[in-house]
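This report refers to the structure that appears directly beneath it.
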Amino acid sequence: MPRAFTIARKDLRQRIRDRSAIVLSIVAPLGLSALLGAVLPEDEDAESHRYAVVDSDGGPVARGFVEDVLGGFDREAGTTIVTARSAAAAERMAEEGDVSAAWIVPAGFSQAVAAGGAARIDVIGNADSPIATQIAEAVAGAFVAEANAVRLSVVTAINPGDGPAIRPT
C-alpha cells in the first residue's frame, strides 16, 4: 500500500507543476459555466400559464372546486386564473390564445354530485398550449374522481348491502 501512495504523490506533484492541468480542471469549467449562465435563461422550465374558469353552477361543490382547488392552484408561481362570463367567452379566450385552458363547471354540477349522479367538469384548451391543457384536465379529473369517490363511500356507508357471507371453517 505505501507504494500506491508514493505513485499517487508523484502524479499529484506532476499535475500541479503542469499548468495545462490547472486550466483544464479549474479555469475551463468556471469559464464554461459563466458562458452558459450568460446565454441560458435563469429558469428554462418556468412557463407562465393563464387559465379561465366558468362556474355555471354556483352550488357548494362547484364553489369548492373554484375557491379551494383553483384558489390553491392560482398561488403557484407563473399561474393566473381569471373568471370568464360564459362557456362561449371561455372558449373564445382559449381559441384566441388569451388563456392556455379553461375549466367549465356546468349548471347542475353540485346537484349531480349530491344526487349521486355522474359529474364532470369540461376543459377547453388552446392548441398552442398542450401541456397547460393536460394540467387543466388532470386538475378537473382529480377533483371529479375525488367527488365520485366520496359519493361512493357515503352511499356504501349508508347502505352497505348484504355483503359476503362469512362462515367459520
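Any value given below was found using the heavy atoms of this structure, including those in side chains, with hydrogens, waters and symmetry copies removed.
The CZ atom of R92 sits 6.5 Å away from the OG atom of S86 when rounded to the nearest 0.5 Å. Rounding to the nearest 0.5 Å gives a distance of 7.0 Å between CG of D98 and CZ of R50. Interatomic distance, E91 CD to N126 CG, rounded to the nearest 0.5 Å: 12.0 Å. Note that the CD atom of E137 and the CG atom of D122 stand 10.5 Å from one another [nearest 0.5 Å]. The CH2 atom of W103 sits 12.5 Å away from atom CD1 of I124, with the distance rounded to the nearest 0.5 Å. For the atom pair OG1 of T133 and CD1 of I131, the computed distance is 9.5 Å after rounding to the nearest 0.5 Å.
Hydrophobic clustering, with ILVMFWY side chains joined whenever heavy atoms are under 4.5 angstrom apart, keeps V54 apart from I81. Linking ILVMFWY side-chain heavy atoms closer than 4.5 Å, directly or via other members, places V66 and I104 in two distinct hydrophobic clusters. Residues V53 and V113 are members of one and the same hydrophobic cluster, defined by side-chain heavy-atom contacts under 4.5 angstrom among Ile, Leu, Val, Met, Phe, Trp and Tyr.
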task = Run the numbers on K10 and T6 for side-chain contact (heavy atoms from CB on, under 4.5 Å), then give the verdict.
result = CA-CA 6 Å; K10 175 195 71 79; T6 304; 5.8 Å; no

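Other members of the cluster containing V99 are V82, M93, with ILVMFWY side chains joined at under 4.5 Å, either directly or via other members.
Contacts of D68 classified as salt bridge (Lys or Arg N to Asp or Glu O under 4.0 Å), with partners at least two apart in sequence or in another chain: none.
In this structure a side-chain-to-backbone donor-acceptor pair under 3.5 Å is missing from S129 to A132. Using a distance-only test at 3.5 Å, with no hydrogens or angles considered, no donor-acceptor pair links the side chain of R120 to the main chain of V144.
By the 4.0 Å N-to-carboxylate-O rule, R13 lies too far from D11 to be salt-bridged with it.
Closest approach of P106 to S56, counting heavy atoms only: C-CB, 4.1 Å. Annotation for F109 and A119: closest pair CE1-CB, 3.6 Å, computed over non-hydrogen atoms.
Under 3.5 Å, the side chains of D57 and S110 contain a donor-acceptor pair of N or O atoms.
Counting heavy atoms from C-beta on, the side chains of V69 and V139 come closer than 4.5 Å.
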